[in-house]
Amino acid sequence: MTVRVRIAPSPTGDPHVGTAYVALFNRTWAHKNGGQFLLRIEDTDRVRSTKESEKMIFDSLGWLGLTWDEGPDIGGPFGPYRQSERVETYLKHATGLVEKGAAYYCTCTADRLEAVRKAQAAAKLAPRYDGHCRNLPATEVRKQIDAGAPWVIRLKVASDGECRFKDVVRGEVVFAWDQIDDQILLKSDGWPTYHLANVVDDHLMEITHVIRAEEWISSTPKHIKLYEVFGWEPPVWCHVPLLRNKDRTKISKRKNPTSLRWYEEQGYLPEALVNFLALMGFSMPENREIFTPAEMQEHFHIDRINAGGPVFDMEKLDWVNGQYIRKLPAEELARRLGPFGAAGHDPALVARIVPLIQDRLRVLSDYKDLTAFFFGDALAYEAATLVGKKQTVPDVQGHLRAARETLAATPWDAAALETRLKELAATRNVKVGELFMPVRVAVTGRTATPPLDRTLEVLGRERSLARLDAAIAKLAAPAKAPETP
RNA sequence: GGGCACGUAGGCUAACGGCAGGCCACCAGGUUCUCAGCCUGACAGCGAGGGUUCGAUUCCCUCCGUGCCUACCA
């Protein structure tokens, strides 16, 4: 039997990091077994679903390389893959269940349901549908419907005994059937709820393994009941853990970035984010932390997924991202930096800059800040920054003037610049740092930069000398003088 | 409240019932003109209590903690 799995995101809001997480496990499992990975859009919530959101799901998953074998955009033999285009199917199946006696029409109003819930809460009972319409004669409900009352279809669940199922990640799970509510299958607008649509589609699309988030465990008995009353073979159940915020609650945008677009905009590499996501619950043999999707696929098995909910650790993500950034060939890194500002810069200059910042990029969007001083003429910094803690203004003035003079007479390559500046420090009888730091600040405006010699080299003679002049002028000016580059 | 799930250092994780190991973060050194990177080292853990066993992180029970679900959302 061919392994067929799917993810079924609902297109509401930004594309979620949890979607990518579950997609990764699904896709890896399908491809490891030579099967198919499907993307199905669960847009049965007519109020919240949007086309823009759907598009973003396609784009973000595509960005991550988590491509699908069948889906709304590319089609496939089991389409349509958008639930809004399958509404008649669900209606037909729901009414079929009523005819079989496995489901029933319900005309209870929202007001009544709320009142029932309130009463149950007051009596400290579990909030649950009270079976009002289930117990009414069918003719009575029929009469109300014919009179124009809105109706829904509910699944008949409550009964004795237990619902047991095997979960690949967790082992055997048991629910008492009397804990399970008479779930609404078809809403009053004629559209299905998740539960109905999900089961019908998974069956018709021949899904073999349902790999989904842990939050669905509680609903699984309803789904099993549906498979039972339809007379269908249920899939293999695999509930993977939920990604967590630092406080261990379900990951949420208030407490942690969840939008895949955010990660893209920050300049996390897609392969790094996927690698990091894999680390949340999956582990490679021999403690490997950095690996490709192909390597993961080789060693992956659903039953190796850790069942505990992992805290999404941004610091480790940064580390993983750094690993990937440093591994990139310089030209490739330059290309990837394009959208982060490098596209607007002279390619030849970018090519010289990239090696200087490759070890210093945490995310690609650091590019702008890290390279700002290579562009433009004016530098904005306080004159005081030029003067070290153990230095006096006259000291620094002397260093800068001497450095300016020396550099003006030095061939402009890193090796020569370093040699001459170090000689100068010796001549002036100061530590290298005491000379280098003021020069660094003078030509870059900051105290943390790539090595000074290479920075000077890329910056060029003309610009470097001009900035030294500006720094000397800045120090000569009255203490609180405004910036005059 | 009820149901279910989950507990290995601050975070992610590994370990046929047999010496608890790796990564991130943190800290300390080294490299060095600063920062970053890189190298070395240090710190740090089986939620608690019972039971089974020669032996329990591992199996069982109880407790505790945490999370999810408890919608005509998914």
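All chains are named by letter (A, B, ...) in the order of the sequence lines, taking the proteins before the strands, and each is independently numbered beginning at 1.
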*A:R46: what forms a salt bridge (charged side-chain N to carboxylate O under 4.0 Å, His left out) with it, not counting sequence neighbours?*
A:D189
*asked:* Could you identify the nucleotide paired to B:A20, looking across every strand shown and requiring Watson-Crick or G-U wobble geometry with both distances under 3.5 Å?
replied: none
*Which of residues 170-178 of chain A sit near RNA chain B, with a heavy atom under 4.0 Å from it?*
A:R170, A:E172, A:V173, A:V174, A:F175
*A:L243 CG to B:C6 C1': how many Å, rounded?*
15 Å
*Separation of A:D318 atom CG from B:G11 atom P, in whole Å?*
18 Å
*State whether the side chain of A:R6 and the backbone N or O of A:L38 hold a donor-acceptor pair below 3.5 Å, judged by distance alone.*
no
*Atom CD1 of A:I305 and atom P of B:C12: how far apart are they, to the nearest Å?*
16 Å
_Applying salt bridge (charged side-chain N to carboxylate O under 4.0 Å, His left out), can you list everything that pairs with A:R82, at least two apart in sequence or on another chain?_
A:E54, A:E85
_Opposite nucleotide pairing with B:U40, Watson-Crick or G-U, both atom distances under 3.5 Å_ = B:A28
*Which residue, A:L452 or A:D313, contacts RNA chain B at a nucleotide closer to its 5' end, judged by nearest heavy atom?*
A:D313
*What residues, two or more places apart in sequence or in another chain, satisfy salt bridge (charged side-chain N to carboxylate O under 4.0 Å, His left out) together with A:R336?*
A:E271, A:E332
*Could you measure between the two P atoms, the one in B:C60 and the one in B:G17, and give it in whole Å?*
12 Å
*Please confirm whether the backbone N or O of A:E382 pairs with a side-chain atom of A:T385, one donor and one acceptor, at under 3.5 Å?*
yes
_For B:C4, give the paired nucleotide (Watson-Crick: N1-N3 plus N6-O4 or O6-N4; G-U: N1-O2 and O6-N3; both under 3.5 Å), or none._
B:G67
*Which whole-number value in Å describes the distance from A:E434 CD to B:U32 C1'?*
16 Å
*Expressed in angstrom and rounded to an integer, what is the separation of A:M280 atom CE from B:C23 atom P?*
16 Å
*asked:* The side chain of A:R304 is closest to which nucleotide in this list: B:C12, B:A15, B:C24?
replied: B:A15
*Encode nucleotides 35-46 of chain B as B, S and - characters from 5' to 3', where the letter depends on protein heavy atoms closer than 4.0 Å: B to the base, S only to sugar-phosphate, - to neither.*
BBSS--------
_Gap in Å between the two C1' atoms, one belonging to B:C73 and one to B:G21, rounded_ = 44 Å
*For A:K422, report the nucleic acid contact type (base, sugar-phosphate, nothing); a contact means any heavy atom under 4.0 Å.*
sugar-phosphate
*Nearest nucleotide by nearest heavy atom, which residue falls closer to the 5' end of RNA chain B, A:N306 or A:V432?*
A:N306
*asked:* Base of B:C33, side chain of A:K431 - is there a donor-acceptor contact under 3.5 Å?
replied: no
_side-chain hydrogen bond (donor to acceptor under 3.5 Å, both in side chains), paired with A:D182, selected from A:R134, A:K156, A:R154_ = A:R134
*Considering only the C1' atoms, how many Å lie between B:C63 and B:G7, rounded to the nearest integer?*
14 Å
_Nearest-Å distance for atom pair CD/P, residues A:Q179 and B:G3_ = 6 Å
*Quantified in whole Å, what is the C1' atom distance between nucleotide B:G50 and nucleotide B:G41?*
41 Å
_So A:N198, base contact, sugar-phosphate only, or nothing? Heavy-atom distance under 4.0 Å._
nothing
_A:N245 side chain to A:S252 side chain, donor-acceptor N/O pair below 3.5 angstrom_ = yes
*Should the ring pair A:F58 and A:W68 be called parallel, tilted or perpendicular, given that the plane angle runs from 0 to 90° and is split at 30 and 60?*
tilted
*Report, as a single string ordered 5' to 3', how protein heavy atoms within less than 4.0 Å touch nucleotides 65-74 of chain B: B base, S sugar-phosphate only, - not at all.*
-SSSSSSBBB
*Donor-acceptor pair (no angle test) under 3.5 Å: A:D453 side chain, B:C33 base*: yes
_If I take atom CD in residue A:E457 and atom C1' in nucleotide B:C33, what distance separates them, rounded to the nearest angstrom?_
16 Å
_Could you tell me how far B:C4 sits from B:C16 if I compare only their P atoms? Round to whole Å._
29 Å
_Can you tell me how the ring of A:F25 sits relative to the ring of A:F300, calling it parallel under 30°, perpendicular over 60° and tilted otherwise?_
parallel
*Kindly indicate, with the supporting measurements, whether the criterion salt bridge (charged side-chain N to carboxylate O under 4.0 Å, His left out) is fulfilled by A:D202 and A:R40.*
CA-CA 10 Å; A:D202 282 351; A:R40 185 173 71 219; 2.8 Å; yes
*Determine the interplanar angle of the A:H223 and A:H195 rings, folded into 0 to 90°, and report it as parallel if under 30°, tilted if 30 to 60°, perpendicular if over 60°.*
tilted
*Can you tell me how far C1' in B:U57 sits from the matching atom in B:G45, rounded to whole Å?*
10 Å
*What is the base-pairing partner of B:C35, counting Watson-Crick and G-U wobble geometry with both distances under 3.5 Å?*
none
_Between B:C23 and B:U62, how many Å separate the two P atoms, rounded to a whole number?_
39 Å
*Within 45° of the ring axis of A:Y381 and under 6.0 Å from its six-membered ring centre, is that where the NZ or CZ of A:R446 lies?*
no
*Do the charged groups of A:K316 and A:E289 touch, with an N to O distance under 4.0 Å?*
yes
*When A:F276 is tested against each of A:Y324, A:W319, A:F312 for ring-ring contact (aromatic ring centres under 6.0 Å, His included), which residue passes?*
A:F312
_C1' spacing across the pair B:C19 / B:A14, given as an integer number of angstrom_ = 15 Å
*Watson-Crick or G-U wobble partner of B:G49, both distances under 3.5 Å*: B:C61
*Nearest-Å distance, CZ (A:F276) to P (B:A25)?*
12 Å
*Sugar-phosphate only, base, or nothing, as touched by A:G281 at under 4.0 Å among non-hydrogen atoms*: sugar-phosphate
